[in-house]
Amino acid sequence: MNKKILTIIISIILIFVIALGILYIIDNNNMKNNKPVIFSTWGKKYAPPEKLYNTENVEIENLPKQYSLQQAIKDECFIIANNKIYNKNKLDEFIKNTGGNTENRKEDTIRIVEYTREGDPIITEIGFKIKDETYILSGKQVNKTTYIVKRDNTRDRFAEEQKITVDEDIPGEIYTIALQEGCEETKLSLELTAEIQYVDSKSKIYDSINICSYLPNVEIANSSYFYGKVIESKQNYIIVEPNEGEEIRKTADKISIGLGEYNDALYQVGTNVKVTYTGYVMESYPAKVDAIKIELKSAENFEIRFYDKQPQTDTKINKILDKSETNKYDYNIYSYEGSVNILINGKETSLRNALLENKITMNEIIAKANSDLKDKKITGDTYKDGGSIEYHYENYTIIKCHTLSGNRDVYIGIKDMNINDLKLK
């Protein structure tokens, strides 16, 4: 073999070995510091699998030193931060399971994380345990119970004394978890439910135990959401492109959303969705979120704008959209004695353009009409022709046909329009 070629090959191998060594050192250092590593390959980022630090598998003292808000949200902690509370449902569930007024109290654990003004987490974990010991209550033999409170302020840089404390002597027979809403603060505490008779001065004194508190006008921020369009759809995941102007688009223009191993929901490419997620965004590429709910929804606020027919218009019925122009509908959409626009998030456009540009769907418009009818915001009529429905708004009427002959067309027209005006076959 040519000596020059051999030298080049050996050099390449050495460079490759050195590069692997550097990556190993970086990875090892980051693992020690509990920091996720993101490798970059050919311009794409691949993040390692996420790790959950929930109350079921991680003791409070083993949590990462840098316990971020995003991680705490993901671990389903009850969180107080920046005049907001997160995962309030977890606190409600814990109170329901362990409260003294609960008929059959259940074992449960909750982790509470309070972030200081400087962003340092103070962590409290409350467990409710049922013991093997029993006692007699109202003639019945019942198990003794206990609350266990563990506090960790070792991440608070400005604490007078950084330490972890544990109180395991909080009898559930005389204590209950309580959330008291006052004018100045909402207070979570373990409150006494019985008057204690002390034998002597050496007995332990039981008193209410303050857990945490927050302002009464605090914002409940259980989740975040964004609107976007499905650009890739698989059995177990979809990839959504957030709409322009969505906050999450500053992080990534593609968001991957897992659907679970046994998913049976199908999302067609091009479908508009509203994705409600935990608030944590994993900065891989595409970025990833844990979805709480996925809705076929294009906008939070929209409003039909109907304009009466101009004098020069001869025909009463005009086609807004033919079903042959899109694969979304198996029916036509018409206007009756006027034209139809739609206001979406403050911007007005013709209904035709909005439907063709996928800014809204007719299904969403009909769904809103059904909701308005149910809430008695509007009036309506149902016909015995197979199920056609009229939705009467203040300035216009929508008719969704559902005739025995198979007509499924939609008409949007003047306030006094009725199904007899359409002379349906």
Side-chain angles (χ1 to χ4, degrees), residues 38 43-47 49-50 69-71 73-74 84 86-87 219-304 321 325-329 333 341-371:
I38 297 180
K44 294 185 178 181
K45 295 179 181 177
Y46 300 91
E50 299 172 62
L69 173 62
Q70 290 79 7
Q71 185 66 56
I73 292 172
K74 201 159 185 58
K84 293 181 182 180
Y86 299 79
N87 295 329
E219 179 185 344
I220 299 177
N222 282 333
S223 57
S224 302
Y225 66 84
F226 67 91
Y227 290 92
K229 180 172 64 176
V230 176
I231 58 175
E232 185 177 337
S233 181
K234 302 293 183 184
Q235 174 100 21
N236 298 327
Y237 72 90
I238 57 174
I239 294 178
V240 177
E241 179 185 8
N243 291 343
E244 293 287 347
E246 293 288 348
E247 185 67 23
I248 197 172
R249 197 176 173 98
K250 296 177 182 177
T251 302
D253 61 353
K254 293 181 182 179
I255 309 294
S256 179
I257 302 159
L259 302 176
E261 186 177 353
Y262 303 105
N263 168 65
D264 57 4
L266 298 176
Y267 300 91
Q268 292 184 349
V269 171
T271 301
N272 290 338
V273 290
K274 176 186 178 182
V275 180
T276 304
Y277 63 102
T278 58
Y280 173 75
V281 182
M282 183 178 176
E283 295 183 5
S284 54
Y285 191 83
K288 294 180 182 179
V289 299
D290 279 346
I292 298 170
K293 182 166 58 174
I294 303 173
E295 303 169 81
L296 302 182
K297 196 172 184 181
S298 306
E300 196 65 33
N301 299 298
F302 63 85
E303 180 184 335
I304 293 292
L321 189 68
E325 297 180 77
T326 174
N327 60 0
K328 287 183 177 290
Y329 313 111
I333 302 163
N341 283 4
I342 188 166
L343 188 71
I344 302 175
N345 294 331
K347 295 181 179 180
E348 185 170 345
T349 185
S350 71
L351 179 59
R352 173 182 170 80
N353 287 343
L355 294 172
L356 286 175
E357 294 171 9
N358 213 31
K359 293 179 179 178
I360 199 73
T361 66
M362 203 64 227
N363 295 337
E364 291 175 82
I365 294 172
I366 297 300
K368 183 178 184 298
N370 282 321
S371 177

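Residues passing the salt bridge (charged side-chain N to carboxylate O under 4.0 Å, His left out) test with R352, sequence neighbours excluded: E325. Taking E246 as the reference, nothing meets the salt bridge (charged side-chain N to carboxylate O under 4.0 Å, His left out) condition, with sequence neighbours excluded. With sequence neighbours excluded, the residues satisfying side chain to side chain contact (heavy atoms under 4.5 Å, CB included) with E348 are R305, Y307, N341, L343. Under the rule for a side-chain hydrogen bond (donor to acceptor under 3.5 Å, both in side chains), the partners of E364 that lie at least two apart in sequence or sit in another chain are S298, T361. Legend: residues meeting side-chain hydrogen bond (donor to acceptor under 3.5 Å, both in side chains) with K274, ordered by chain and number and at least two apart, are E300. Take K328 and apply the side chain to side chain contact (heavy atoms under 4.5 Å, CB included) test, not counting sequence neighbours, and it matches T326, N358. Remark: S350 engages N353 in a side-chain hydrogen bond (donor to acceptor under 3.5 Å, both in side chains) (not counting sequence neighbours). With sequence neighbours left out, the ring pair (Phe, Tyr, Trp, His ring centres under 6.0 Å) criterion links Y329 to Y331. With sequence neighbours left out, E232 forms a side-chain hydrogen bond (donor to acceptor under 3.5 Å, both in side chains) with Y237.
Atom CG of L355 sits about 7.0 Å away from atom CE of M362, to the nearest 0.5 Å. Note that the NZ atom of K229 and the CG atom of N243 stand 8.5 Å from one another [nearest 0.5 Å]. The CG atom of D253 sits 4.0 Å away from the OH atom of Y285 when rounded to the nearest 0.5 Å. How far CD1 of I344 is from OH of Y227: 11.0 Å, rounded to the nearest 0.5 Å. For the atom pair K368 NZ and N301 CG, the distance stands at 9.0 Å (nearest 0.5 Å). Atoms CD1 and OG1, on I360 and T349 in that order, are 11.5 Å from each other to the nearest 0.5 Å.
Considering only heavy atoms from C-beta on, S233 comes within 4.5 Å of I238 through its side chain. Annotation: side chain of V273 is in contact with side chain of L296 (closest heavy-atom distance under 4.5 Å). Looking only at side-chain heavy atoms (C-beta outward), Y267 and V240 stay at 4.5 Å or farther from each other. Side chains of V289 and I248 form a contact here, defined as non-hydrogen atoms less than 4.5 Å apart.
Residues E295 and T276 come closest through the heavy atom pair OE2-OG1, 4.3 Å. Scanning all heavy atoms of the two residues, the minimum distance from Y277 to F226 falls at CE2-CD2, 3.6 Å. For A287 against A252, the heavy-atom pair with the smallest separation is CB-CB, 3.6 Å.
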